[in-house]
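In what follows, a structure is listed as structure tokens, so that the remarks can point back to it.
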Amino acid sequence: GLFGEGIVESLIHAWEHLLLQPKSRGENGNCEKYGKVIPASAVIFGMAVECAEIRRHHRVGTKNVAGISLPTNVKFQSPACSSVDTEETVEPYTTEKMSRVPGGYLALTECFEIMRVDFNNLQELKSLATKKPGKIGIPVIKEGILDAVVVWFVLQLDDEHSLSTSPNEETCWEQAVYPVHDLADYRIKRGDHVMMEVSCQDCYLRIQNISVFGPECELDTGKNFTKNKDLLTLGSEAELCSALANLQTSKPDSVEHTCVLESTEIALLNNSVYHEGFKMAMKKVLSSLTPEKLCQAMDTQCQNEMSCGSEESNSQEIVPEPFYVLDVSEGFSILPIIAGTLGQVKPYSSVEKDQHRITLDLISEANHFPKETLEFWLRHVEDESSVLQRPKSDKLWSIIILDVIEPSGLIQQEIMEKAAISRCLLQSGGKIFPQYVLMFGLLVESQTLVEENAVQGTERTLGLNIAPFINQFQVPIRVFLDLSSLPCIPLSKPVELLRLDLMTPYLNTSNREVKVHICKSGQVTAIPFWYHMYLDDEIRLDTSGEASHWKQAAVVLENPIQVEMGEELVLSVQHHKSSVSITVKQ
């Protein structure tokens, strides 16, 4: 995003207090008399793209989740889309290494220039934050779904040398991604124009009010690219089209509630396999417990008859106790509402944020739930640490849903301790979800992981011996990986590394040796791993699946191991207090 980390304010301060006067244009003379900033200037570029991976993390693309209707008056947004409205100073974009984004991307426009900035011009730096937003209109060259505007920059270090952070370059920079939201129709075609406003509010590059107008709104595209250093401008006819488009999409009747979710929470809401799996598994558990509930209700009736006489009891209906379901997933979850559709169920949600509670109430209302059906569990317990306790002093839970895997790809801290407490709080026949988890891994050769994990040699650092100092801070496990797009060569097939059983702990082992058959010769540099979460023996969720909101992780070996096809490598897998270590036995 170029202007991150307060660079504009820092440079203004430097020019005012630290640097010698800048050299005037055309002036010759000894450079020691003048102040200079390196890099001297930058050009910011952009491109509109279609990218399913960005879409599923920033837009809720479904109106129905496992039978639950999402109301039209709730607007879900990711932090990248909503930072304009918040008081906090948040970067108004997210970042992606577009060359490695799972599923790739499609360019819908040519690459276009957004702005130029001269770091050696104090007045220009000062005017950045105060300049009115400029409008840019870009012709569409390819039909597709408008998901984001991707931004990068070229740093001009001096008159001769430059660095580019373009998606096509081999660079350590990611690109800035501005997800598109609030359009009536995201599909665009050749002849359309994508219009946006560009500003440097809060000294961050902001790209806002992205809209689309068709060929019927005539536009002099010659106006798009001006030689002037000011932002590119559009004719007033484009603004008129934009205003008309906005008029068509506004709904005066409904009061809209905005719910800001993390991008992983939006991806989870878009994951139909996850929600359908939980719905099916909960249904199976509850139907297996139903006869037991009816027996309890009959027993209660018999006791009433004995104590009150048969005449009174005839007028009493059998009202079985509800099933109590507790969801202690991290973050936003609609599983309690799904549970509430499965019969006589009293679901409890453990969401913390008020806006998430309001959203769940609105979803309940839209699905005609009685107001008192869904309860927020944290209102009933003293603090978050005591979340695992009985629903009532004389009742137990039928289902407890635990979050076992973090979105980063690691096992949640203290999950086995939470499972041990949960087992004590279940009624007979009750279940913890997931019931067990299998951890899988494979051996790979990945130069990318090696280079991103530690400084290699002295050649890259111009002969300076930097590596021993920086590498003291390296960590053995890389998280938030996308295994599907990681540049690597698999040297083995996936193998089961570990079983975590939340319902039957005696099946767990703390130490295990796993033999891995080598199916391709090469150098083992890393062991990526992921999980299969079993809600029961038939229903399985895969954290490496296409629709998964989880990422994967990998153990990066300190020293690569040369292997030949047909050999076996033995891995030692140790599990202690939710942390797993994987080492190669030599």
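Fair warning: this is a prediction, and the values are worked out from it, not measured in the lab. Along the sequence shown, residues carry numbers from 1. Computed from heavy atoms alone, side chains included, the values below leave out hydrogens, waters and symmetry copies.
In this structure, a donor-acceptor pair under 3.5 Å is absent between the side chains of D482 and S484. Counting only N and O atoms by type, the side chains of S408 and E406 include a donor and acceptor under 3.5 Å apart.
Judged by the 6.0 Å distance and 45° axis criteria, R59 is positioned over the aromatic ring of Y186.
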Below 3.5 Å, can you tabulate the donor-acceptor pairs from side chains in residues 148-156 to any protein atom, sequence neighbours excluded?
residue	atom	partner	partner atom	Å
Q156	NE2	D158	O	3.4

What side-chain donor-acceptor pairs closer than 3.5 Å can you find for residues 96-106, not counting sequence neighbours?
residue	atom	partner	partner atom	Å
K97	NZ	T171	O	2.5
R100	NH1	E452	OE2	2.9

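Within 6.0 Å of CD on E546 lie no more than 12 heavy atoms contributed by other residues, nucleotides or ligands. Heavy-atom neighbours of I38 CD1 from other residues, nucleotides or ligands within 6.0 Å: at or below the threshold of 12. Other residues, nucleotides and ligands contribute at most 12 non-hydrogen atoms within 6.0 Å of the CD atom of E110. Summarising the local packing, NZ of K142 is surrounded by 12 or fewer heavy atoms from other residues, nucleotides or ligands at distances under 6.0 Å. For CG of D354, the number of neighbouring non-hydrogen atoms (other residues, nucleotides, ligands) closer than 6.0 Å is 12 at most.
The minimum heavy-atom distance linking G331 with E265 is given by the pair CA-OE2, 3.2 Å.
Relative ring orientation between F433 and F278 is described as perpendicular, the plane-to-plane angle rising above 60° on a 0-90° scale split at 30° and 60°. Ring geometry for F440 against H532 counts as tilted: the plane angle lies between 30° and 60°, on a 0 to 90° scale.
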Going through the distances and angles, do Y531 and L500 end up as a side chain to side chain contact (heavy atoms under 4.5 Å, CB included)?
CA-CA 10 Å; Y531 311 87; L500 293 177; 5.7 Å; no
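Salt bridge annotation for R206-E197: absent, with no cationic side-chain nitrogen under 4.0 angstrom from a carboxylate oxygen.
Here the side chains of I207 and I114 are in contact, with some heavy-atom distance below 4.5 Å.
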